Engineer: 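Can you read through this structure? Questions will come right after.
Everything numeric here is computed off the predicted structure, so don't read it as measured data. Quick note on labels: first sequence line is chain A, next is B, and so on, each numbered from 1.
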Amino acid sequence: MDYNFNEIEPKWQNYWREQHTYRCSNDSDKPHFYVLDMFPYPSGAGLHVGHPLGYIASDIFARYKRLQGFNVLHPMGYDAYGLPAEQYAIQTGQHPAITTEKNIARYREQLDKIGFSFDWEREVRTCDPDYYRWTQWTFIQLFNHYYDTDLDKAMPISHLVEQLEKGEVETLAEKSWADMSEAERQEYLMKNFRLAYLADIPVNWCPELGTVLANDEVVNGLSVRGGHPVERKLMRQWSLRITAYAQRLLDGLNEVDWTDSLKEIQRNWIGRSEGAAVWFPLAVDQKSNMVPGAQAYMGQSSPVEEPSFEIFTTRPDTIFGVTFMVLCPEHEMIDQITTPEQRAEVEAYVTWAKNRSERERQSEVKKVSGVFTGAFAINPLTNERIPIWVSDYVLAGYGTGAIMAVPAHDSRDFAFARHFNLPIRQVVAANPDEVSDPATWSESLDSKEGYAVNSGFVTGMKVKDAMKAVIEKIDAMGIGHKTVNFRLRDAIFSRQRYWGEPFPIYYKNNCPYTIPEKCLPLCLPEITDFKPTATGEPPLGHATVWAWDEEHECVVENSKIDGVKVFPLELSTMPGFAGSSGYYMRYMDPTNNEEYFSQKASQYWQNVDLYVGGAEHGTGHLIYSRFWNKFLYDLGLCPKQEPFQKLVNQGMIQGRSNFVYRSKENNNLFISKNVPGREEKTVPIHVDINIVTNDILDLDKFRAWRPEFAEATFELEDGKYVCGWEVEKMSKSMFNVQNPDDLVARYGADTLRLYEMFLGPVEQAKPWDTNGIEGVFRFLKKFWKLFETRADKPAEKPELKILHQTIKKITDDIERFSFNTSVSTFMICANDLGALGSVSSEVLEQLAILIAPFAPHIAEELYHQLGHETSVCDAKWPVYDPAMLVQDSFKYPVSFNGKMRLMLELPNGISQDEAIAAVKADALAQKWLDGKEPKRVVFVPNKIINIVL
RNA sequence: GCUCUGGUGGUGGAAUGGUAGACACGAGGGACUUAAAAUCCCUUGUCCGCAAGGACGUGUGGGUUCAAGUCCCACCCGGAGUACCA
């Protein structure tokens, strides 16, 4: 009987489904292991071959762990809320829930065909009310907690209020808690403490999508989805105070087993920088003899008596080189300090800067712009008067939005000073005596290596010592202190869209209140128009039943809103990352209706042992999830600080496009790639990879492909049309999308699984290329044949040796996540065993178990053919016997390193030559090499002889 | 600019510091077949040689080592992330 995958694959898929082979229990004496894939967004296009790559790798690992006796949690679900379904709804009127349901069904069908070992009874969908009630629940907890910097964890907001009421802590604001009105108190808690808070913040507004986007959803001033321009806009939005966790998010990276590159991406995104906060006093205006803005402006929470403002610098050592100050255009002090003469110019600049699009601002980074306010500050260490400027190279969102400019030692300040002809003063030099005139410089000296010069009391010190000394000095003077700044921003959590989780929030007197937890889930209301309303409100503004009856604790019609008992509900919805931030915990206990997940379940599973997914989530999902997890940890729900212990990034699969070459003179003539002179005569045209095999074009299929090619004629080489190829993004428009279903139909799921692994290391990005799939298919046929021709006899030494080499290699490979070499190992094994003639059932049974993680269908079938009644999944992973790998005993102490190479320690009193001769003689006498001499015997120092066999 | 990656045959890629190019594709040759498909065998880094054999070879230049694709330093070229972050 031939290898007939069409028959065996559906057979075993049905068997697994009926027997619940992959059902996983929370109640087990076995050790636990949690293998997780990043769940997919079910798009309309279905799966392409890139999606299953990571799933196959994690499935191999999950199956391997099961065979090793672990209780393995290996679930799958859908990140079902998202923009494409909503945009499709706007275009067609089709409700996103329907589109999503359809896409999920298609995904499931495709996934099932590949033979994954998911426990589908644990499936979660982010758009399912039984799931998102816990997303909403977490939001309520975030709203009701603050970050206590002393305890270094989230605490209930009531704890803080209690302390404020008792006077144990003072407010940061000017008013004391007792003097505040209720509204002021709520605003105070909201602005400074709640981990989920509503605030007027500059946001990324995308007019095209009609919504706000998070920082990681914007690249180069364009939206990641769709590439539409994004503007800066001040809006009242929900945010998550993720910055409170910045330090812990950074520290946690040392605890996890991730790649250095991904940890680095996160470190950069969090962007910790150490420096100093310094308050610069404002100078007396010489005309009016008054400090500008003195009455109106006192630096908030300033430690200094006189009017002053705070700056952040990483180079406090350069404070003697400050020649001007710069404020960002949004700085609230500008209006108060600008002198009458400068006012018109400053206002014009601020207006211009604010209206500039993000895109313009970023593309014109090198263009220097700015304006003088007319006001001056005092350098607290030198008492010099220094001018205050406004420029948009200072950003509102970082530090305090104000800087001290040291043009000699900062390239941006340098460019600004040159442009506006401001003084430049050298205060750092590579050597203490190497001082030159900055007017002759072509660039600033930014290096931190060197010595302070012209710098008062720190002159002559190394830069690092000068930093310390200056910080100590300003600290002693009470005008500043050492501080840390993070680049990480709070995560904007509102989206002006329909297809997302509703906020469990209603508004009483414009003040947000959470709906009671027992009323969750707050279900997404039905609407039919998915566009923003005429008044510019989010789509939920169309809902007619979207008001909160506080008394009856239920959702009622909008018409009942009276502002006394019935109130409007929040109209925006949560972003995509809300649902994906905690889904891995929900898999542990997916049907629990009392809690997010039970303590019993979370205590058993702890956290994800292995997480597989793309690195493109480095600054999004993987940061938000870690934050979410740390918050739940603070609440005592998650047992571990870090959600994902080990993380493997599968490389992106790129497309491999094929080209035909159309003659420039004759539109119907196509010239084969290697015909001499072709390049000048032709233009390349994308051709569907499905009508090309091993870069050879199927001429008939090409003529049939599109009407315009029906009359095509060809100039061939060796009777064939050879296509060109190039690596590009996998996309429909380049005709290079490979659908896994087609390959499953042609070669079977096992071949697809093996081939995707064989393609190269899982972590590496690589183009999809079907050219080698035949080789893997041939291997499986060969493997099948080994079983067909098996012998019922005891296993003999040569086959056992091959078997045990294979066991060792495969086990090592899986542990190292090196699945491409595993496939090679199987091929070598099959070739070697094939050469022996007929193989014993005993050895074949072990082989079936070994290959089960990779090619589960064929393994299952062969395992049963050997007479087993149970699934191969219940078998035990073989353990290799080292004795099998060494042919015979040696008279020297020997270590075998797994390759055909021996290391042995030389007994005392033997010379090198004697030892080498003895080893060679032994090899011959004991037939280590079937009677051949070792290829090479090398003597190396420290008494080790290295024998290459 | 900064950070992280990677650079090995015609191609995808192997190689705990220890025979560089495993395994596979492609290519060439052969067997079986009326033929095709399928299957099997041989050759396949480059150069010299009829051959035995020899020389050269992992982006470039240095270094460490008995031994370097692998470790260190500098440079060149790809890919990714990030970017007026003070």
Side-chain angles (χ1 to χ4, degrees), chain A residues 2 216 219-220 259-269 271-273 275-276 311-316 318 326 328 361-362 364-368 391-395 397-406 409-413 415-416 446 485-489 615-616 618-619 649 651-652 654 656 694-696 718 725 727 754-755 758-761 763-779 781-782 785 812 816 818 820-831 834 897-901 903 934-936 938-942 944 946-949:
Chain A
D2 283 343
D216 69 283
V219 173
N220 287 331
T259 60
D260 289 340
S261 84
L262 191 67
K263 285 198 240 186
E264 209 52 38
I265 288 172
Q266 293 218 338
R267 286 196 188 105
N268 289 342
W269 187 257
R272 180 191 154 102
S273 46
I311 60 99
F312 172 74
T313 178
T314 54
R315 294 295 301 273
T318 61
V326 187
C328 67
R361 208 182 60 74
Q362 290 193 2
E364 293 168 14
V365 159
K366 291 211 174 74
K367 225 168 126 187
V368 178
S391 172
D392 66 354
Y393 85 87
V394 176
L395 303 178
Y398 186 77
T400 58
I403 62 155
M404 63 177 212
V406 186
H409 306 292
D410 181 284
S411 56
R412 296 149 304 178
D413 298 344
F416 195 83
D446 292 9
N485 240 300
F486 292 96
R487 207 195 70 117
L488 184 73
R489 308 289 157 82
E616 66 271 21
T619 54
N649 290 122
M652 245 224 306
Q654 298 141 300
R656 184 183 189 275
N694 286 340
D695 294 335
I696 307 298
D718 301 332
W725 61 272
V727 173
L754 285 171
Y755 185 60
F758 185 68
L759 213 49
E763 298 91 335
Q764 192 176 302
K766 53 208 168 250
W768 178 260
D769 174 1
T770 316
N771 286 350
I773 198 166
E774 292 281 350
V776 171
F777 188 50
R778 266 178 222 142
F779 155 72
K781 284 191 281 195
K782 225 179 277 179
K785 211 167 162 200
D812 287 352
R816 289 190 300 139
S818 172
N820 55 330
T821 52
S822 311
V823 179
S824 295
T825 305
F826 281 123
M827 289 176 174
I828 295 166
C829 173
N831 283 340
N897 73 356
K899 293 169 67 175
M900 292 300 283
R901 185 171 295 119
M903 307 280 278
K935 241 185 183 172
R936 214 175 58 149
V938 187
F939 186 86
V940 292
N942 61 16
I944 299 290
N946 184 359
I947 306 166
V948 180
L949 299 181

Engineer: Nearest whole Å is fine: how far is B:G13 P from A:D769 CG?
Structural biologist: 9 Å
Engineer: What's the gap between B:U39 and B:C71 when it is taken at their P atoms, as a whole Å value?
Structural biologist: 41 Å
Engineer: If pairing requires Watson-Crick or G-U wobble contacts with both distances under 3.5 Å, which nucleotide is the partner of B:A55?
Structural biologist: B:U46
Engineer: Just checking A:V394: base, sugar-phosphate only, or nothing, at a heavy-atom cut-off of under 4.0 Å?
Structural biologist: base
Engineer: Looking only at side-chain N and O atoms, does A:R487 come under 4.0 Å of OP1 or OP2 in B:U3?
Structural biologist: no
Engineer: Parallel, tilted or perpendicular: which fits the ring planes of A:Y393 and A:F416, with parallel below 30° and perpendicular above 60°?
Structural biologist: tilted
Engineer: Could you work out which one of B:G13, B:A86, B:A83 sits closest to the side chain of A:K766?
Structural biologist: B:G13
Engineer: Just to be sure I understand the rule, does A:N820 reach a base, reach only the sugar-phosphate, or reach nothing, if contact means heavy atoms closer than 4.0 Å?
Structural biologist: sugar-phosphate
Engineer: Just to be sure I understand the rule, does A:P761 reach a base, reach only the sugar-phosphate, or reach nothing, if contact means heavy atoms closer than 4.0 Å?
Structural biologist: sugar-phosphate
Engineer: Starting from P on B:A83, measure out to OH on A:Y398 and report it in whole angstrom.
Structural biologist: 13 Å
Engineer: Take atom CD of A:Q266 and atom C1' of B:U5, then tell me their distance rounded to the nearest Å.
Structural biologist: 17 Å
Engineer: How far, in whole Å, is B:G81 from B:U44 if one measures between their C1' atoms?
Structural biologist: 41 Å
Engineer: Atom CG of A:N268 to atom P of B:A80: distance rounded to whole Å?
Structural biologist: 17 Å
Engineer: Just by distance, do the side chain of A:K766 and the backbone of A:P761 share a donor-acceptor pair under 3.5 Å?
Structural biologist: yes
Engineer: Encode nucleotides 23-31 of chain B as B, S and - characters from 5' to 3', where the letter depends on protein heavy atoms closer than 4.0 Å: B to the base, S only to sugar-phosphate, - to neither.
Structural biologist: BSSSS----
Engineer: Once you apply the 3.5 Å cut-off to both distances, tell me the Watson-Crick or G-U wobble partner of B:A38, or none.
Structural biologist: none
Engineer: On a heavy-atom basis, which atom in A:S824 and which in A:F758 lie closest, and how many Å separate them?
Structural biologist: OG-CE1, 3.6 Å
Engineer: Taking it one step at a time, do A:K263 and A:Q266 satisfy side-chain contact (heavy atoms from CB on, under 4.5 Å)?
Structural biologist: CA-CA 5 Å; A:K263 285 198 240 186; A:Q266 293 218 338; 5.9 Å; no
Engineer: Which atom names give the shortest non-hydrogen contact between A:F486 and A:Y398, and what distance separates them?
Structural biologist: O-CE1, 3.6 Å
Engineer: Give A:L759 one of three labels, base, sugar-phosphate or nothing, depending on what nucleic acid heavy atoms sit under 4.0 Å from its own.
Structural biologist: sugar-phosphate
Engineer: Suppose we define a pair by two distances each less than 3.5 Å, Watson-Crick or G-U wobble; what does B:A22 pair with here?
Structural biologist: none
Engineer: Distance between the P atoms of B:U46 and B:U11, in whole angstroms?
Structural biologist: 12 Å
Engineer: Using the P atom as the point on both nucleotides, what is the distance between B:C77 and B:G26, in whole Å?
Structural biologist: 36 Å
Engineer: Does B:A15 have a Watson-Crick or wobble mate here (both distances under 3.5 Å), and if so which one?
Structural biologist: none
Engineer: For A:D413 versus A:I403, what's the shortest heavy-atom pair and its separation?
Structural biologist: OD1-CD1, 3.6 Å
Engineer: Could you tell me how far apart A:R272 (CZ) and B:A86 (P) are, to the nearest whole angstrom?
Structural biologist: 13 Å
Engineer: What form does the base of B:G9 take, syn (within 90° of 0) or anti?
Structural biologist: syn
Engineer: Quick one: look up who B:G78 pairs with, Watson-Crick or G-U, both distances under 3.5 Å, and put none if it's unpaired.
Structural biologist: B:U5
Engineer: Would you measure the distance from the P atom in B:A52 across to the matching atom in B:G57 and give it in whole Å?
Structural biologist: 22 Å
Engineer: Just N and O in the side chain of A:Q764: are any of them under 4.0 Å from OP1 or OP2 of B:G6?
Structural biologist: no
Engineer: Whole-Å distance between B:A14 C1' and A:D812 CG?
Structural biologist: 15 Å
Engineer: Residues in side chain to side chain contact (heavy atoms under 4.5 Å, CB included) with A:A765, at least two apart?
Structural biologist: A:Q654
Engineer: Go through it in stages, so that I can follow the logic: the residues are A:L759 and A:W768, the test is side-chain contact (heavy atoms from CB on, under 4.5 Å), and I'd like the CA-CA distance, side-chain angles, deciding distance and then a yes or no.
Structural biologist: CA-CA 8 Å; A:L759 213 49; A:W768 178 260; 3.6 Å; yes
Engineer: Answer with base, sugar-phosphate or nothing: what part of the nucleic acid does A:R816 contact at a heavy-atom distance below 4.0 Å?
Structural biologist: sugar-phosphate
Engineer: Taking the same atom, P, in B:A24 and in B:C41, what whole-Å distance lies between them?
Structural biologist: 10 Å
Engineer: Looking only at atom P, what distance separates B:U70 and B:G7, rounded to whole Å?
Structural biologist: 10 Å
Engineer: More 5' along RNA chain B: A:R656 or A:E264, using each one's nearest nucleotide?
Structural biologist: A:E264
Engineer: A:R487 and A:N268: side-chain contact (heavy atoms from CB on, under 4.5 Å), yes or no, with the steps?
Structural biologist: CA-CA 8 Å; A:R487 207 195 70 117; A:N268 289 342; over 6 Å; no
Engineer: Starting the side chain at C-beta, find the nucleotide from B:U82, B:C4, B:C84 nearest to A:W269.
Structural biologist: B:U82
Engineer: Counting only side-chain nitrogens and oxygens, does A:K781 get under 4.0 Å of the OP1 or OP2 atom of B:U39?
Structural biologist: yes
Engineer: Let's test this: given Watson-Crick or G-U wobble pairing with both distances under 3.5 Å, identify the partner of B:A83.
Structural biologist: none
Engineer: Any side-chain N or O of A:T259 under 4.0 Å from OP1/OP2 of B:U5?
Structural biologist: no
Engineer: Taking CD1 from A:I265 and C1' from B:G79, how many angstroms apart are they, rounded to a whole number?
Structural biologist: 12 Å
Engineer: I'd like the C1' distance from B:G28 over to B:G61, given in whole Å.
Structural biologist: 39 Å
Engineer: Please evaluate residues A:D446 and A:R315 with respect to the criterion side-chain contact (heavy atoms from CB on, under 4.5 Å), reporting the C-alpha separation (whole Å), side-chain torsions for both, the decisive distance (0.1 Å), and the verdict.
Structural biologist: CA-CA 10 Å; A:D446 292 9; A:R315 294 295 301 273; 5.6 Å; no
Engineer: Let me know the distance between CG of A:L395 and C1' of B:A86, rounded to the nearest Å.
Structural biologist: 9 Å
Engineer: Using a 4.0 Å heavy-atom cut-off, does A:S273 contact any base of the nucleic acid, only the sugar-phosphate backbone, or nothing at all?
Structural biologist: sugar-phosphate
Engineer: Which one is paired to B:C32, where only Watson-Crick or G-U wobble pairs with both distances under 3.5 angstrom count?
Structural biologist: none
